[in-house]
Structure formats: C-alpha cells, structure tokens
J.: 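This is the structure I want to talk about, given as structure tokens.
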Amino acid sequence: MDIPLSTIAVVGLGTMGTGIAEVLARAGHEVIGIDISEAAARRAVAALDASTARAVRRGRLTEEERSDVLARFRTSPGLPAAAEAELVIEVVPESYEIKQQVFRELDAIVSPTAILATGTNALSVTRLAAESLRPERVLGLHFFNPAPAMKLVEVVSSVLTAPPAVEAVTALARSLGKEPVAVGDRPGFVADGLLFGYLNQAAAMYEAAYASREDIDAAMKLGCGLPMGPLALLDLIGIDTARTVLEAMYAESHDRLHAPAPVLRQLSEAGLTGRKAGRGFYTYEGAGSPAVVPDALTPRDDASAVAGRPVRTVGVAGSGTMASGIAEVFAKAGYDVVLAARSQEKADAAKERIGASLGRSVTKGRLTAGARDGALARITAAGSLDAFADVDLAVEAVAEDLAVKQQLFGTLDKVCKPGAVLATTTSSLPVVAIARATSRPQDVVGMHFFNPAPAMKLVEVVRTVLTADDVRATVREVCGTVRKHPVDCGDRAGFIVNALLFPYLNNAIKMVEEHYATLDDIDAAMKLGGGYPMGPFELLDVVGLDVSLAIEKVLHGEFRDPGLAPAPLLEHLVAAGCLGRKTGRGFREYARR
C-alpha cells in the first residue's frame with residue numbers, strides 16, 4: 001500500500017534539520033520546519049536561501065525553480081504546525097527526555113496515519129516507539145551530515161514497526177537520490193556503530209601519548225585512503241556528540257572498545273568540543289571555522305634535532321611484492337640498491353618484476369624511458385645477504401614470521417658494516433624482539449611500508465626503547481628523499497594503522513555474525529556514510545583473511561581486550577581455506593583468473 005508523503009515536518013532546525021529540510025524541499029515536498037528558537041528558524045531560511053542561490057549561479061537551478069523551492073519551505077515555532085504532515089522527522093538533541101516529549105505531543109497532533117521518524121544515531125528507536133500511541137508507525141531515519149551531500153540514509157526498524165511504514169520512508173529516501181540501508185535497532189546502527197569505535201580507539205591512542213594527533217590523522221588518511229583523520233573527524237562531529245554516542249553504545253554492548261576514552265570527557269567538560277567551539281583536538285581560527293591554526297602542540301622544525309647517518313646504498317632483503325616495491329622506490333629516488341633473495345634466480349625474477357612495473361609507469365606517462373633505465377641500472381640482484389657488506393641501510397621484507405626475521409637479522413648483524421641502519425618492515429611483530437637477535441639493537445628500527453610500496457605514501461617509523469636517536473633521524477630523512485610521509489610510533493602491536501583498522505574490520509564481521517546487517521549493506525554504509533574507499537568486507541578480501549586473522553590475534557594477544565578477540569566467522573573462513581581474492585573466495589566469491 002502506497003503511503004503519500006507530500007507534506008513533511010522537520011522538528012529541530014539545527015545543521016542536520018536544516019539540511020534535511022533543504023533536501024526535501026528541493027525534491028518537491030512541502031516542508032514545515034519547526035523549532036522553538038526563532039533564531040534557528042531564521043538561520044534555516046537563510047541557509048536555504050543561500051544554498052539555492054549558489055545552485056542558480058552554478059547552473060543547477062533556474063530562478064523559477066529556486067523560487068518554487070523557497071516557497072515550499074515554511075517555519076513555525078510550535079508542534080501544532082505538524083498537524084497536516086504525513087511524515088514528521090525529529091532531529092532534536094540526543095536526549096530521551098526531549099525526544100519522548102516531542103513524540104508525546106505529536107501523538108496528540110498528527111493524523112493516525114502519519115509516520116513519526118527519529119533522526120537519532122545513538123538512542124533506542126524501540127524505546128522511543130514503545131512510549132508512542134502508534135509504535136507501529138515509529139521508525140528511525142538517520143541522515144548523515146551534510147544531508148544534501150551525503151548519500152546514505154539508514155532506515156531503522158524496531159520490533160514494533162509496521163512494514164508499510166518502512167516501505168514508505170525507504171521509497172522516499174530513494175526518491176531523494178539517497179541510498180537507503182535497512183538496519184535493526186541498536187546504538188550507532190551500522191555506520192556510526194563501526195565508525196565511533198574506531199574514533200574512540202584513536203582518541204585513546206592519542207591520550208596514551210603513543211603518537212601525535214598529526215601522525216595519527218596522517219597515518220589513517222595515507223594508510224587507508226580516508227578523507228579525514230579520526231581526531232580531525234571527532235572535532236568536526238563534535239567531541240560532546242561523540243561522547244554521547246559512545247556512552248549509548250557502551251550501555252548496550254558493555255564492550256570496552258565503546259567505553260568513551262577519558263580525554264573525550266575532559267575536552268567536553270572543558271567546552272573544547274571541536275570545530276564548533278574553535279578548539280578540540282586541534283585549534284581553529286574561530287568557532288565554526290575549518291581552518292586549523294598552530295598551537296602549543298603543533299610540531300615545529302627543530303634546528304637542533306639529531307642528524308641522521310649518511311645513506312647512499314640500500315639493501316633490500318626479500319623477493320616478494322613488498323620487497324620489489326621497496327627496491328623500486330629507492331632506485332627511482334637515486335639510491336644504489338642491492339636486492340638480495342634466497343637464490344640468484346629469485347633475485348633476478350624480482351628485478352624483472354620491478355622492470356615490468358617501471359615499464360607500466362612509462363606507458364602511463366608517469367616516468368620517462370631514461371628514468372626507467374636509470375632506476376633499473378641502479379639495482380643489483382644478489383642471491384645472498386653477503387652482498388649487503390657495504391650498504392648503509394638494510395631493509396628486510398620477508399615473511400611475517402618472528403623466527404624467520406630473527407634469523408635474518410642475525411645474519412645481517414654479521415654481514416653489514418658497523419653503523420649500518422637495520423630496518424624491518426614488520427606490520428605486527430615486536431621490533432625489539434627482532435633487534436635483540438643482533439649485537440647492535442640500537443641500530444634497528446621499524447620501517448613499515450604499505451602495499452603497493454611505489455604508490456602508498458605512508459611509512460610508519462617504529463622506534464624501540466633501544467633505538468638510537470640518529471637511527472630514527474636517518475629513517476625519517478630517507479623517507480623524505482623517497483617522497484614518503486613518515487609517522488612516528490612506538491613498538492606495540494599494530495603500530496598506528498593496523499591497531500585502529502583491524503578492530504573496526506573485526507566489528508564489521510561480528511555485525512554479520514549477529515545477522516544485524518548484510519555484507520552489502522555494511523559495505524555500502526561505510527562507503528557512503530563514512531567516506532571509506534572500500535567497505536570492510538571488500539578490504540578484508542583484498543588484504544587476505546589469513547593475514548587479517550594473524551593481525552587480529554597479535555592485537556588480542558598484546559592488549560588482552562575481549563573486544564579484540566577475532567570473530568569466529570573469520571576463523572572459520574580461514575580454516576576452510578577461504579582467504580579472499582587470492583583463493584577466489586572469502587566473504588564473497590570471485591571469478592578465477
């Protein structure tokens with residue numbers, strides 16, 4: 001049965017309510033904006049006036065169309081104005097008391113057939129519906145900010161919601177050009193349920209002084225392709241809002257990953273709530289400004305910093321994709337490179353792979369033929385680590401196995417000259433345990449490249465308690481020379497990126513295990529609602545489920561948090577040999593090559 005939704009009331013004209021009203025009015029709906037604040041109503045009208053004027057200037061609306069949009073939007077200070085609405089969307093503050101009061105008053109005002117939607121992203125839709133006189137017509141309709149631009153809309157059903165109501169708002173969302181995702185009622189739903197746990201872990205990482213705010217944000221942007229770093233995103237969302245969402249999630253899940261990091265409370269209570277206050281994790285030009293300004297925590301160039309050791313020749317140990325990629329990076333930057341593998345045949349094959357990669361860059365116009373030939377000429381393929389006798393920097397990129405790496409570093413200790421920097425590309429193993437396999441642990445550092453190394457800009461520089469100052473400085477200077485962005489972090493499982501990424505991926509798997517949402521809906525929610533370049537299940541299948549499980553186990557073993565325990569579904573798939581794209585089946589099936 002079709003339910004007409006021609007007239008829609010929006011209760012609460014803050015940023016979100018104003019955005020929703022604009023989307024509805026532009027789509028041809030009569031919109032009644034309701035807010036007890038006359039100033040909020042004026043701002044909403046002014047915002048719609050300004051946005052439609054911009055649309056005219058950009059050729060997206062005609063003046064006549066703009067006049068029609070403005071005419072379809074009117075405001076009122078009281079709920080009685082919603083009497084004629086077929087749908088009411090409330091976006092008042094995240095408080096049960098406030099929202100319940102709104103719903104009680106609406107029960108006495110709107111028609112029996114009207115649908116009542118809450119825009120909450122943290123509170124229980126079921127609890128709000130249960131206190132309504134029409135629980136079957138109450139649901140959640142969660143837009144994302146900014147509503148005119150963001151495509152995702154989560155349609156939230158409770159056990160009381162009637163299917164026709166869900167169908168009506170789902171059809172409405174599609175008519176608005178949005179992508180509706182059907183979800184059940186739990187705090188955070190899909191997108192925020194995954195996003196806020198990740199943001200909370202980032203805040204806790206910063207609070208522990210494990211890494212600077214700039215390095216945490218740069219690591220997640222460059223290492224995962226995210227549009228914003230987690231701390232900058234918390235400032236944009238509002239630290240007080242994030243704390244409210246996390247408290248609701250923790251009350252439901254009792255998962256320590258959702259227990260708000262103390263720094264969120266401290267900043268909230270100090271009024272440092274992010275961009276809207278002009279200060280949060282970062283300091284801004286003014287309240288509401290997106291422009292970050294330097295403050296006492298901003299890193300500054302230190303002329304007295306320790307100088308690095310000279311590096312002219314680099315040794316790369318390994319013959320796989322990562323080793324080949326790292327060797328290519330150094331050769332293109334002008335370093336002489338010794339690429340050593342377990343046999344001359346493997347080393348030669350790795351150099352051929354580099355030649356093919358450089359050839360593709362020439363074909364795409366990213367590299368000249370002369371630059372390709374020069375880079376290849378700077379690479380010497382060797383079948384033994386003995387060729388590392390004169391290198392200034394040795395980088396290992398062999399199997400992610402502690403015993404294997406320790407044996408290799410024991411060999412490097414004997415072969416490499418005094419003063420050579422020894423770097424491991426491990427993504428999850430303790431660097432200090434690798435360093436202790438040598439007689440010079442002060443010369444050992446983590447240098448975690450990301451795959452594919454020629455394309456990815458991030459390098460995590462992992463310093464142990466034994467690493468010398470000039471060794472860290474050497475690696476940072478080398479990163480600058482090869483045009484990579486170094487971020488500093490300590491020697492603990494996952495470093496920055498994996499420590500934040502894999503709990504998020506694990507939680508996505510748990511959502512599927514609990515039959516809360518489908519793979520497709522979760523992937524869509526994170527791409528459309530979080531701006532992620534890939535959904536979690538797409539990414540898991542690309543990374544490899546066996547690799548993901550190994551990292552999850554390392555994280556769980558290090559931090560001993562029950563919430564980090566690998567999801568059983570992940571373990572079952574790995575046991576069945578379903579490892580992702582490389583085997584043709586993981587969370588999804590792929591065509592065999």
Side-chain angles (χ1 to χ4, degrees), residues 151-152 179 181 183 190-191 193-195 197-198 201 219-227 320-322 324-325 397 399-401 425-428 448-456 458 493-556 563-593:
K151 292 292 186 183
L152 181 66
E179 294 285 344
V181 171
V183 297
V190 171
L194 293 176
L195 177 65
Y198 150 70
Q201 291 302 104
M220 298 313 293
K221 288 169 64 181
L222 297 174
C224 296
L226 300 180
T321 303
M322 181 60 82
S324 300
E400 192 72 350
D401 180 292
T425 62
T426 181
S427 63
S428 58
H448 180 212
F449 287 80
F450 286 73
N451 202 23
M456 299 293 282
L458 180 67
F495 311 135
I496 296 174
V497 174
N498 286 346
L500 295 179
L501 174 65
F502 280 89
Y504 148 78
L505 296 174
N506 201 42
N507 284 337
I509 300 169
K510 291 177 182 177
M511 278 189 175
V512 170
E513 283 182 332
E514 296 164 5
H515 305 288
Y516 176 66
T518 67
L519 300 178
D520 291 342
D521 280 349
I522 293 173
D523 276 356
M526 297 316 297
K527 289 192 290 186
L528 298 172
Y532 282 59
M534 299 178 78
F537 297 101
E538 291 177 283
L539 183 56
L540 281 159
D541 278 352
V542 168
V543 170
L545 272 57
D546 51 340
V547 174
S548 302
L549 178 59
I551 294 173
E552 290 288 357
K553 286 181 175 179
V554 169
L555 291 173
H556 185 226
L564 294 175
L569 177 57
L570 178 61
E571 294 183 305
H572 295 162
L573 286 169
V574 171
C578 302
L579 307 183
R581 288 191 181 181
K582 60 189 175 185
T583 61
R585 183 177 175 187
F587 283 98
R588 295 185 174 90
E589 292 190 17
Y590 300 88
R592 296 279 185 176
R593 292 184 178 180

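What's counted below: heavy atoms across the whole structure, side chains too, no hydrogens, waters or symmetry copies.
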J.: As an exercise, state the distance from CD of Glu538 to OH of Tyr532, rounded to the nearest 0.5 Å.
T.: 13.5 Å
J.: List the atom of Val497, the atom of Gly223, and the distance in Å for their closest heavy-atom pair.
T.: CG2-CA, 4.5 Å
J.: Do you know the tightest heavy-atom contact between Pro533 and Gly225?
T.: CD-O, 3.5 Å
J.: Measure across Gly577 and Thr583 and return the closest heavy-atom pair with its distance rounded to 0.1 Å.
T.: O-OG1, 3.6 Å
J.: Within the structure provided, determine whether Leu564 and Asn506 are in side-chain contact (heavy-atom separation under 4.5 Å).
T.: no
J.: Atom CG in Leu573, atom CZ in Arg585: separation rounded to 0.5 Å?
T.: 7.5 Å
J.: Supply the atom-to-atom distance Ile551 CD1 to Leu501 CG, rounded to the nearest 0.5 angstrom.
T.: 8.0 Å
J.: With heavy-atom distances below 4.5 Å as the criterion, would you say the side chains of Lys553 and Glu571 are in contact?
T.: yes
J.: What is the distance from atom OH of Tyr590 to atom CZ of Arg581, rounded to the nearest 0.5 Å?
T.: 5.0 Å
J.: Do side-chain atoms of Asp521 reach the backbone of Val181 as a donor and acceptor pair under 3.5 angstrom?
T.: no
J.: For the residue pair Asn498 and His448, what are the closest heavy atoms and their distance?
T.: ND2-CE1, 4.3 Å
J.: Do Pro452 and Thr321 come within less than 4.5 Å of each other through their side chains, counting heavy atoms only?
T.: no
J.: For a quick test of reading the model, state the closest non-hydrogen atom pair linking Pro503 to Leu555 and the distance between them.
T.: CD-CD1, 4.0 Å
J.: In sequence, state the C-alpha distance, the side-chain angles, and the governing distance for Met534 and Val543, and then conclude on side chain to side chain contact (heavy atoms under 4.5 Å, CB included).
T.: CA-CA 12 Å; Met534 299 178 78; Val543 170; over 6 Å; no
J.: Looking at Glu400 and Ser427, would you say the former's side chain and the latter's main chain have a donor-acceptor pair under 3.5 Å?
T.: yes
J.: Rounded to the nearest 0.5 Å, what separates atom CZ in Phe450 from atom CE in Met322?
T.: 8.5 Å
J.: I need the His556 NE2 to Leu549 CG distance, nearest 0.5 Å.
T.: 12.0 Å
J.: Considering only heavy atoms from C-beta outward, does the side chain of Val554 approach that of Phe502 to under 4.5 Å?
T.: no
J.: Heavy atoms, side chains only, cut-off 4.5 Å: are Phe537 and Ile509 in contact?
T.: yes
J.: Mind checking whether Phe587 and Leu545 have side chains closer than 4.5 Å, heavy atoms only?
T.: yes
J.: Would you say Asn507's side chain and Leu194's backbone share a donor-acceptor pair under 3.5 angstrom?
T.: no
J.: Using modelled atom types only, decide if a donor and an acceptor are shared between the side chain of Glu179 and the backbone of Lys151 within a distance under 3.5 Å.
T.: no
J.: Less than 4.5 Å apart, any side-chain heavy atom of Val574 and any of Leu579?
T.: yes
J.: What pair of heavy atoms forms the shortest contact from Lys510 to Ala567, and how long is it?
T.: CG-CB, 4.1 Å
J.: Is any side-chain heavy atom of Asp546 closer than 4.5 Å to a side-chain heavy atom of Lys582?
T.: yes
